[in-house]
Each structure stands twice: as C-alpha cells, then as structure tokens.
**Q** 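Below is one structure. I have some questions about it.
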Amino acid sequence: MQKAFTLYSLKKRILAILLVISFIFCALIIRLFVIQIVNGKSLQIKATDQWTRDLKIVAPRGKIYDKTGSTLAVSYTTYNVYARAREIKTPSQTAYALSPILDISFEKLYTKLSNKTVSEVLLKMQIDGDMAVQIYNLGLDGIYLAENSDRYYPYGNLLTQVMGFTSIDNTGQSGLEAYYNNYLKGIDGYSFVQSDLQGKEIGGSLRYYVSGTAGNDLHINIDSKMQLILENALNQIMEEQNPKSVTGLIMEAKTGKILSISSKPSFDLNDVPRDDLESLFEMSKVKAVTDIYEPGSTFKILTVAAALEAGVVDLDDTFYCPGYRIIDGVRIKCWKTIGHGNQTLSEAFANSCNCCFMDLALRLGVDRFYQYMEKFGLGQKTGIDITGEGNGMLMANNLVKNVDLARMGFGHAIAVTPIQLLTAVCSIVNGGQYNIPSVLDYIEDTNGTTIKESNKSSKTNIISKETSQKVNSLLEFAENKLGKYTFVEGYEVGGKTGTAQKYKESGGIDPGKYISSFIGTYPASDPDYVVFIMVDEPGNGAYYGSIVAAPYGKIVFENLFDYLGEEKQDPNVKVEYVKMPNLIGLSLAQAVVLLKENDLFYEIDGEGEYVIDQLPPPQTDIAKGSTIVLIT
C-alpha cells in the first residue's frame, strides 16, 4: 500500500513539473513573439537609437512656378554644424578655429564644446558651401556637418505677400509657403554612425545614409510679367500719393484665376526683416484677402446688377437728384451736394449719384437686397487658397432699417474684402458665373505626376446674361466720358471708381482718412480681365478714387495691353491735352462752366459757393476727360 501511494505521488509531481515547464516554455514563446513580432520594430528603433548617433538631412522644398514657367522659389543646399563634446579633446583649440568661420564668439563656442553632459549640440544652421568646406578641411574631431536646405526667391521683392517665406528650419510661415507647406516640404533623410555608451563614434564602424525626398512643385496662376506691371504701378502710387498702403489685383473674369496680387509696402523675401515682428506681420498680410473695408461707389456695381436682375429698374429710367434724400427723417447727402438734377440710370451710374442708388436699394427692399448679396458671396469667405481670409461684415437683415439699406445701396454701412468684391464683380460681368478665386493651378510630385488641382467649383446663373451685358454697358459708359475708347486710347475699357471714409476702432468717422479705389474691366463688352486698385489713406490732399486710383488703373491697362499684344479697337481715337485753368476765387457755377468748355469733369470737396483750391494746380497739362477736384 505504501509503495503504491509513493509511486502515485511521484507521478503527480512529475506531471506538475512538466506542466510548469510547459507553462514557462509557452510563456517564453509568447514573450518572444511579443518582443520579436509585436514590438520588434519599435524595440529595434530604440536599440538603434542607443547605439547610433544620427544627423538629419533636410529635404529640399518643392519649387514654385508661375503660369509662364518662370521659377518663383527654389531651394539650395546649406549645412548645419553640430558638435559632440565627448569626442572633442581640446575644446579651446576647436573653439578658436571655428569662431572666425561661424562668426560666433570664442566664449560662447567654448561653453558649448566643453559641455559633456549633452551628447550633441547645434552650433549654427544654414552655413553656405564655402564655410562648410573650410570646416571640413580643418579635420576637427567631434565636429559634424549635415545637409540642410534654404529658400531663394529669384524675384526678391516681387510677390512678397503671396509667396510668403520659411523659417530657419525650412517650414512655411506665411503665404503659399505656409498654405501648401505639407505639399512643399519633403521627407527628411538621415546620416547614422555607430557610437558607444558615451555617444563617442566607434572607429571603423559602419555608416548609414538614408536619402531624403524633395517636396512637390507648385504651379500657380500668377503671371510674373503681369505681377511686375501691377507692382510698378503700386510703387508709383506709394511715391506720388504717399498713402498708408496700396493694394492691387488682376483676375481672369471668366475663371476666377488670380493673375496678379500685391500690397505695398513690402520687403525682399531673400532678406526678411525679422527684427520687427509687428511690422513684418503687417507687411506679410495679403490685404486683398485679409482686410475688410467700406467699399463706397465701387459697390454700386452690385446694387445696379441686383436692381436690373430683379426688374425694379431699366437703363432708360430717370432719377432726380437735388443733392440729398431724407429717409426715416435722416438727411443723406449725395457726394455732389448741389445735386445732379434729372438723369437716366446710365448717367446716374457714370455720375456715381448716391441718390439714385439709395432709390434702387429701397426698391429692392431688405429681403431681396440680401438675397442678391448672398448670391454675390458677401458676408462669407470666397474660399481662396490664401491663409487668413476675412468674412466681410453685413448687418443682420432683421435689424436693417430703410436708412441703413439706403446707405448700403451706395457702398456704405457694409464691409467687404477686396477679393470678395472683385469675385462678385467678375460673376456680374462674365455673364453670371460665380467662380471660387484661386492662386494654385496644380501640384505635381517629383515624377511629374499631378497630385492636386485648384478648386474649380462654381455657381452659375447669379444673374442673367442680359443683365450682365447691361452692367457692362454701364461700366463702359462710366469710364469713357468723352465717348468710346477714351479711358485708354483706342481700347474698350470699362470701370468704376469709389471713395469711402474710414472709421475709428472706437466707432465713428475718422476725419480726413479715406480709402480710394478703382475697378476696371477689359474688354468692356465681354471682360476677360478685371483690375482692382485700392489706396488706403492717400496723403497728398486728393482722396477721390477718380483722382488717386483710376489714373494708375489706366497705367496698368496700358502696360497690360503692351504685354498681351492687344490691338486697339479703334486706333484713330486720340485724347487731347489742355492747360488746367485757374479756378481759384471763382464761384462754383463759373468754375463748372469753364471745366465743361475744356471737356473736364469734376468732384466737389466741400459745400461752399466759391473755389478756394483745386487739384491739379493751374497750368498743369491734363488730358481731356480727366476728373479734377474743386475745393470749396
């Protein structure tokens, strides 16, 4: 009995041992599976990180091309200088050798090179090739060079805001460089070297090199030649009108493509002024997209389009302007305080008569007016591919009174971004198609494959083609006061000017501060191009859009026609020049008669009966059909 019991116990113990061994074996297999299969990759990375030291090789960013194929932004190779203090035997000698090359003080370098508590320290980023060769030829222990990439803009001060710039670590900070950063940036490479526990390189060990991948290339709708034409005109405005800033745009009316866009002042993209961040931020903004303003009379294009489309007015309707309207007990003045008298819609549009446009807005009524404004894209972003786009400002329609609606009719009590207004105008003059404005044309990878195209979505039937044609005829009549093709001699150009007062941040009108603007179309009967000029706070006395914006719009068109090789619709049209008469001291009535005799048009600044000053001054050579300012 005792023997049997002992044998049975032994079997149980052997079985238990076998089970324990099997469990341990299974656990080890599972653990090995987890380590090698489940966590193998991450553990391998950790192990590699422990026994190697790596230097990042920054991949070059993609190039940016304009619509003609000209290169607007390229990357070139620079070098970062690193130090591994544990490998440096004589920090003082190394610091002494590097100090003049890197333009870093001996003391600062010595402190970094002597600090053996860190395995690696960056000494300087983005040195050029010549400096890198000098350092390499020194053969210094513990000093390493790694490839980096820097940005170069062949056109320098052209397209400043649109292109934007990158940080020292090659990341887009503004403009297209920031908006399309994820496409432009490449995939960085690495250089690995084996090291011991202290981070020292193991002599004779293997080196590994993982090359980077360049970023994708951007092809944009901007035409650098048109951009140069626009920016030259903007620079001329800055010199001659002394404004706070000036903004310009050229768009394709039928597609919404941005052909040129700029603001001044600006800066050279190859020498970014980073010492004054507030100024840098202001000069980096694409103001045509980010800033809102009260448009004034250029907005009348939208009002008349809505009124014509709704059928509340026609071209031969007449209006009487005594110089004001009284609405809800409030007296709202026309810019011409003595009044325009009887006039047709065409004449009222050409005269920019506020009274007429108050009437049109009131005929539409709040609900219908707002329905058209929504169609035109006001109060909402256009969707342009530029960072920081503004929404504009519209009063809630349930709060709008007749007096507010009347002011909206001529472009007051409402705020837009220039891109909002211009996109709306394009949709009106192109036959009624609203296109999302775009800077990008397409993006292609390093193999030349297109991986992204611009957003080409659009809305049709904003207005009818018949209404569009009527508006185009109004724009042509408004800008060619001496007859067909006289704004730019021989060319079919339409246009509208605008002048609006600015407001203080605390509320209320800011005396003496204005925004002057001009919108031009070509060809006027069926526009392909729309030009926009906005002058913020002109500083030389004149502030009417017809004086400080339209003449520069004319310059843009003249140069644009030369570039495009456009032939004149009527080569026989010639504009004559006259000497500006001396009007100072005359009554307003006498001055007006004299101006009409010389085929000159006028704006009135003030409500007096006598002329106390004039712009331009007497004896100035001035083209017939020009607009002058009478200060009363």
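Treat the numbers as computed from the prediction; the structure is a model and nothing was measured.
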**Q** State which residues pass salt bridge (charged side-chain N to carboxylate O under 4.0 Å, His left out) with Asp528; sequence neighbours excluded, sorted by chain then number.
**A**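 In terms of salt bridge (charged side-chain N to carboxylate O under 4.0 Å, His left out), with neighbours along the sequence ignored, Asp528 is linked to Lys254.
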**Q** Ignoring hydrogens and angles, tell me if any N or O in the side chain of Gln501 forms a donor-acceptor pair with the backbone of Lys513 under 3.5 Å.
**A**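 Checking the backbone N and O of Lys513 against the side chain of Gln501, no donor-acceptor pair under 3.5 Å is found.
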**Q** For the atom pair NZ (Lys452) and CG (Leu440), what is the distance rounded to the nearest 0.5 Å?
**A**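 Those atoms lie 7.0 Å apart.
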**Q** Using residues 95-103 as the side-chain source, report each donor-acceptor pair under 3.5 Å to any protein atom, sequence neighbours left out, with the distance given to one decimal.
**A**
unit_1 : atom_1 : unit_2 : atom_2 : d
Ser99  : OG     : Ile104 : O      : 2.6

**Q** Quick one: OG on Ser224 to CG on Leu259, what's the gap to the nearest 0.5 Å?
**A**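 One finds 11.5 Å between OG of Ser224 and CG of Leu259.
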**Q** Tell me if a side-chain donor or acceptor on Thr71 pairs with a main-chain N or O of Ala73 at a distance below 3.5 Å.
**A**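 Not a single qualifying donor-acceptor pair exists.
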**Q** Could you give me the CA-CA distance, side-chain angles and deciding distance for Val286 and Ile261, then say whether side chain to side chain contact (heavy atoms under 4.5 Å, CB included) is met?
**A** CA-CA 8 Å; Val286 185; Ile261 180 171; 3.6 Å; yes
**Q** Would you say that Tyr136 contacts Gln134 through its side chain, given a criterion of any heavy-atom pair below 4.5 Å between the two side chains?
**A**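 The answer is no; the side chains never approach within 4.5 Å.
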**Q** Pairing donors with acceptors under 3.5 angstrom, does anything connect the side chains of Glu87 and Tyr144?
**A**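 Result is yes, a qualifying pair exists.
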**Q** Check whether the side chains of Tyr79 and Asp128 place a donor and an acceptor atom closer than 3.5 Å, and report yes or no.
**A**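 On atom types as modelled, these side chains do not qualify, holding no pair under 3.5 Å.
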**Q** Report the C-alpha distance between Lys287 and Glu282 in whole Å, list the side-chain angles of each, state the deciding distance to 0.1 Å, and finish with yes or no for salt bridge (charged side-chain N to carboxylate O under 4.0 Å, His left out).
**A** CA-CA 9 Å; Lys287 293 187 176 184; Glu282 185 64 24; 3.1 Å; yes
**Q** With sequence neighbours excluded, give me every ring-ring contact (aromatic ring centres under 6.0 Å, His included) pair touching residues 435-456.
**A**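 Residue pairs with at least one partner in residues 435-456: His219-Tyr442.
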**Q** Indicate yes or no for a side-chain donor-acceptor contact from Ser516 to the backbone of Ala549 under 3.5 Å, with no hydrogens or angles considered.
**A**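 No: the side chain of Ser516 does not pair with the backbone of Ala549.
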**Q** Name all residues meeting the side chain to side chain donor-acceptor pair (under 3.5 Å) criterion together with Asn170; count only those two or more places apart in sequence or in a different chain, and write none if there are none.
**A**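 Partners of Asn170 under the side chain to side chain donor-acceptor pair (under 3.5 Å) test: none.
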**Q** Are the side chains of Thr446 and Asn216 in touch, meaning some heavy atoms are under 4.5 Å apart?
**A**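 Result no, sub-4.5 Å side-chain heavy-atom pair not found.
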**Q** Are the side chains of Leu123 and Tyr82 in contact, using a 4.5 Å heavy-atom criterion?
**A**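 No, side chains not in contact.
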**Q** Quick one: which residue pairs count as a salt bridge (Lys or Arg N to Asp or Glu O under 4.0 Å) with a foot in residues 225-237, not counting sequence neighbours?
**A**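 Qualifying pairs: Glu231-Lys264.
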**Q** Taking it one step at a time, do Val535 and Ile515 satisfy side chain to side chain contact (heavy atoms under 4.5 Å, CB included)?
**A** CA-CA 6 Å; Val535 185; Ile515 291 180; over 6 Å; no
**Q** Would you please name every residue forming a side chain to side chain donor-acceptor pair (under 3.5 Å) with Thr68, sequence neighbours left out?
**A**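 Scan of Thr68 (side chain to side chain donor-acceptor pair (under 3.5 Å), adjacent residues dropped) gives Asp66, Ser70.
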**Q** Evaluate Tyr153 against Leu72 for side chain to side chain contact (heavy atoms under 4.5 Å, CB included), listing each step before the verdict.
**A** CA-CA 6 Å; Tyr153 303 92; Leu72 302 176; over 6 Å; no
**Q** Apply the test side chain to side chain donor-acceptor pair (under 3.5 Å) to residues Asp150 and Tyr76: give CA-CA distance (whole Å), side-chain angles for both, the deciding distance (0.1 Å), then the verdict.
**A** CA-CA 6 Å; Asp150 201 359; Tyr76 64 95; 3.1 Å; yes
**Q** I need the Tyr155 OH to Thr160 OG1 distance, nearest 0.5 Å.
**A**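 That separation rounds to 14.0 Å.
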**Q** Rounded to the nearest 0.5 Å, how far does CD1 of Ile258 lie from CG of Asn221?
**A**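 It is 8.0 Å, given to the nearest 0.5 Å.
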**Q** Answer yes when Arg84 and Glu120 have at least one side-chain N-carboxylate O distance shorter than 4.0 Å, and no when they do not.
**A**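 A salt bridge is present here (some side-chain N lies under 4.0 Å from a carboxylate O).
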**Q** With sequence neighbours left out, what residues match Glu294 under salt bridge (charged side-chain N to carboxylate O under 4.0 Å, His left out)?
**A**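 So Glu294 forms no salt bridge (charged side-chain N to carboxylate O under 4.0 Å, His left out) with any residue.
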**Q** I'd like to know whether CG of Leu122 has more than 12 heavy-atom contacts from other residues, nucleotides or ligands below 6.0 angstrom.
**A**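 Count over threshold, so yes.
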**Q** Can you confirm whether Gln420 sits close enough to Ile292 that some side-chain heavy atom of one is under 4.5 Å from a side-chain heavy atom of the other?
**A**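 No, their side chains stay 4.5 Å or more apart.
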**Q** Is there side-chain contact between Leu269 and Asn157, with at least one heavy-atom pair below 4.5 Å?
**A**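 Answer no - side chains too far apart.
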**Q** Test of understanding: with side chain to side chain donor-acceptor pair (under 3.5 Å), list the residues that count as partners of Glu453, not counting sequence neighbours.
**A**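 Checked Glu453 against side chain to side chain donor-acceptor pair (under 3.5 Å); zero matches.
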**Q** Between Ala83 and Ile88, what is the shortest heavy-atom contact and its length?
**A**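 Heavy atoms only, the tightest pair is CB-CD1, 4.3 Å.
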**Q** Under 6.0 Å from the OH atom of Tyr434, do we count more than 12 heavy atoms belonging to anything else shown?
**A**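 Yes, because the 6.0 Å sphere around OH of Tyr434 holds more than 12 heavy atoms from other groups.
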**Q** To the nearest 0.5 angstrom, please state how far the CD1 atom of Ile187 sits from the OG1 atom of Thr213.
**A**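 Interatomic distance, Ile187 CD1 to Thr213 OG1, rounded to 0.5 Å: 4.5 Å.
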**Q** Would you call Leu218 and Leu184 a side-chain contact if the rule is heavy atoms closer than 4.5 Å?
**A**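 With C-beta onward as the side chain, the pair touches.
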**Q** Does a sphere of radius 6.0 Å around CD in Glu374 hold more than 12 heavy atoms from other residues, nucleotides or ligands, not counting ones at 6.0 Å or beyond?
**A**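 Counting neighbours around CD of Glu374, 12 or fewer heavy atoms of other residues, nucleotides or ligands fall under 6.0 Å, so no.
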**Q** Can you tell me if Asn115 and Thr117 form a side-chain donor-acceptor pair at under 3.5 Å?
**A**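 Result is yes, a qualifying pair exists.
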**Q** I'd like to check the salt bridge (charged side-chain N to carboxylate O under 4.0 Å, His left out) partners of Asp223; sequence neighbours left out, ordered by chain and number.
**A**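 Asp223 satisfies salt bridge (charged side-chain N to carboxylate O under 4.0 Å, His left out) with no other residue.
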**Q** Do other residues, nucleotides or ligands put more than 12 heavy atoms under 6.0 Å from the NZ atom of Lys116?
**A**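 Enclosed.
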**Q** When rounded to the nearest 0.5 angstrom, what is the spacing between CG in Leu158 and CG in Asp268?
**A**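 CG of Asp268 is found 10.5 Å from CG of Leu158.
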**Q** Return yes when atom NZ of Lys63 has more than 12 non-hydrogen atoms of other residues, nucleotides or ligands closer than 6.0 Å, and no otherwise.
**A**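 Counting neighbours around NZ of Lys63, 12 or fewer heavy atoms of other residues, nucleotides or ligands fall under 6.0 Å, so no.
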**Q** Locate the shortest heavy-atom distance separating Leu234 from Gly248; write the atom from each residue and the value.
**A**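 Reported closest heavy-atom pair: CD1-N, 3.8 Å.
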**Q** Assess the residue pair Thr290 and Glu389 against the criterion (side chain to side chain donor-acceptor pair (under 3.5 Å)); give the C-alpha distance rounded to whole Å, side-chain angles, the decisive distance to 0.1 Å, and a yes or no.
**A** CA-CA 5 Å; Thr290 62; Glu389 182 179 8; over 6 Å; no
**Q** Is the backbone N or O of Ile384 less than 3.5 Å from a side-chain atom of Thr382, with the two atoms forming a donor-acceptor pair by type?
**A**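 It does hold such a pair.
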**Q** What residue pairs, at least two apart or across chains, pass salt bridge (Lys or Arg N to Asp or Glu O under 4.0 Å) with a residue in residues 433-449?
**A**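 Passing the test, one end in residues 433-449: no pairs.
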**Q** For Ser454, does its backbone N or O pair with a side-chain atom of Ser438 as donor and acceptor, under 3.5 Å?
**A**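 No, the answer is negative, given that no donor and acceptor are paired below the 3.5 Å cut-off.
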**Q** Answer yes or no on whether Arg151 is positioned over the face of Phe165, meaning its NZ or CZ is under 6.0 Å from the six-membered ring centre and within 45° of the axis.
**A**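 Judged by the rule, Arg151 and Phe165 form no cation-pi pair.
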**Q** Side chains of Phe299 and Ile414: closer than 4.5 Å at any heavy-atom pair?
**A**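 Yes - at least one pair of side-chain heavy atoms lies under 4.5 Å apart.
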**Q** Walk me through it: do Asp536 and Lys502 pass the test side chain to side chain contact (heavy atoms under 4.5 Å, CB included)?
**A** CA-CA 9 Å; Asp536 186 7; Lys502 295 184 70 172; 2.9 Å; yes
**Q** Going by heavy atoms in the side chains, are Ile237 and Ile533 under 4.5 Å from each other?
**A**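 The answer is yes, as the side chains (C-beta and beyond) meet within the 4.5 Å cut-off.
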**Q** Only pairs at least two apart or in different chains count here, so list each side chain to side chain donor-acceptor pair (under 3.5 Å) that has a residue in residues 237-249.
**A**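 Pairs touching residues 237-249 that pass the test: Gln236-Glu240, Glu240-Tyr552, Gln241-Tyr552, Thr247-Ser263.
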**Q** Just jot down the side chain to side chain donor-acceptor pair (under 3.5 Å) partners of Asp217, sequence neighbours excluded, or say none.
**A**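 Asp217: no side chain to side chain donor-acceptor pair (under 3.5 Å) contacts found.
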